[in-house]
Amino acid sequence: MASSIQDIYVSGLRNAHALEAQAVQLLSRQVERLENYPAMSERMRQHIEESRTQQHRLEQILERLGTSHSSLKDMVTGFMGNMAAVAHAVTQDEVLKNSFANYAFEHFEIATYKALLEMADAAGDGQAPQLLRQSLDEEVRMAQWIDQHLPETVRTYMRLESSGQTAGV
């Protein structure tokens, strides 16, 4: 059975909402453990709030379309975010692995919002693109922040690790 363009679009919006739930859980678990990286901690806290705002934007779009997000998808992806954060917590270089994973995750979100913009256009939704672009811009800025601060993160990690201090977080 073929899906309509509208059904594909709504599914994409629900998936993006669940992805933001995963982002909130992933970053929340990571930021709880950060001690020696205050700039990263602050930027992650800011992005957690951006992700919550992005969820709200997606909810607005879904409500306008006469539907809502999928609580089951949100719960499953949120759980996956928690598990991903836990997986890195046992590694000595946790902060580096988290930085690499977060950089990749941000690009996944960037691709998601770009796809949603295409879907909105195909579905004839002229109101959503403004909200979707706001979220896309926030994801791009976060990816850029991670990229720009990776050298500093690596240097701090090496300095702490080589001096016998807690370096991973």
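Quick note: residue numbers are just sequence positions, from 1.
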Undergrad: Residues in ring-ring contact (aromatic ring centres under 6.0 Å, His included) with His149, at least two apart?
TA: Trp145
Undergrad: How about Phe108 and Leu19: do any of their side-chain heavy atoms sit closer than 4.5 Å?
TA: yes
Undergrad: With the side chain counted from C-beta on, respond yes when Val95 and Thr156 share a heavy-atom pair under 4.5 Å apart, and no when they do not.
TA: no
Undergrad: Test side chain to side chain donor-acceptor pair (under 3.5 Å) on Gln54 and His17 and set out the steps.
TA: CA-CA 8 Å; Gln54 291 164 5; His17 190 278; over 6 Å; no
Undergrad: Would you mind reporting whether Ser99 and Leu150 have side-chain heavy atoms less than 4.5 Å apart?
TA: yes
Undergrad: Would you indicate whether the side-chain heavy atoms of Ser28 and Ile48 approach each other to under 4.5 Å?
TA: yes
Undergrad: How long is the straight-line distance from CD of Glu109 back to NE2 of His107, given to the nearest 0.5 Å?
TA: 11.0 Å
Undergrad: Kindly compute the distance separating CD (Gln6) from CE (Met119), expressed to the nearest 0.5 Å.
TA: 12.0 Å
Undergrad: If you compare all heavy atoms of Glu106 against all heavy atoms of Ala143, which two are closest, and at what distance to 0.1 Å?
TA: CB-CB, 3.8 Å
Undergrad: Would you please name every residue forming a side-chain contact (heavy atoms from CB on, under 4.5 Å) with Asp7, sequence neighbours left out?
TA: Ser3, Ser4
Undergrad: When you compare the side chain of Gln22 with that of Phe105, does any pair of heavy atoms fall below 4.5 Å?
TA: yes
Undergrad: Checking Gln127 now: which residues fulfil side-chain contact (heavy atoms from CB on, under 4.5 Å) with it, not counting sequence neighbours?
TA: Arg64, Asp125
Undergrad: Taking side-chain contact (heavy atoms from CB on, under 4.5 Å) as the definition, give me every residue that meets it alongside Gln46, ordered by chain and number, with sequence neighbours left out.
TA: Arg43, Glu50
Undergrad: Please answer whether the main-chain N or O of Arg52 pairs with a side-chain N or O of His56 as donor and acceptor at a distance below 3.5 Å.
TA: no
Undergrad: How many angstroms lie between CD in Gln25 and OG in Ser51, if you round to the nearest 0.5 Å?
TA: 11.0 Å
Undergrad: At what distance, to the nearest 0.5 angstrom, does CG of Leu27 lie from CD of Glu32?
TA: 11.0 Å
Undergrad: So which pairs with a foot in residues 131-150 pass salt bridge (Lys or Arg N to Asp or Glu O under 4.0 Å), sequence neighbours left out?
TA: Arg57-Glu138
Undergrad: Of the non-hydrogen atoms in Leu13 and Leu58, which two are nearest, and what is the gap between them?
TA: CD2-CD2, 3.8 Å
Undergrad: Just to verify, what does Ser41 make a side-chain contact (heavy atoms from CB on, under 4.5 Å) with, not counting sequence neighbours?
TA: Val31, Leu34, Arg45
Undergrad: Identify the heavy atoms of Leu62 and Ser68 that sit nearest to each other, and give their distance.
TA: CD1-C, 3.9 Å
Undergrad: Does a sphere of radius 6.0 Å around CD in Glu49 hold more than 12 heavy atoms from other residues, nucleotides or ligands, not counting ones at 6.0 Å or beyond?
TA: yes
Undergrad: Distance from Thr153 atom OG1 to Ile146 atom CD1, nearest 0.5 Å?
TA: 9.0 Å
Undergrad: Does Met142 reach the side chain of Asn102, with side-chain heavy atoms less than 4.5 Å apart?
TA: no
Undergrad: Quick one, Tyr157 and Asn36 - any side-chain contact, counting heavy atoms below 4.5 Å?
TA: no
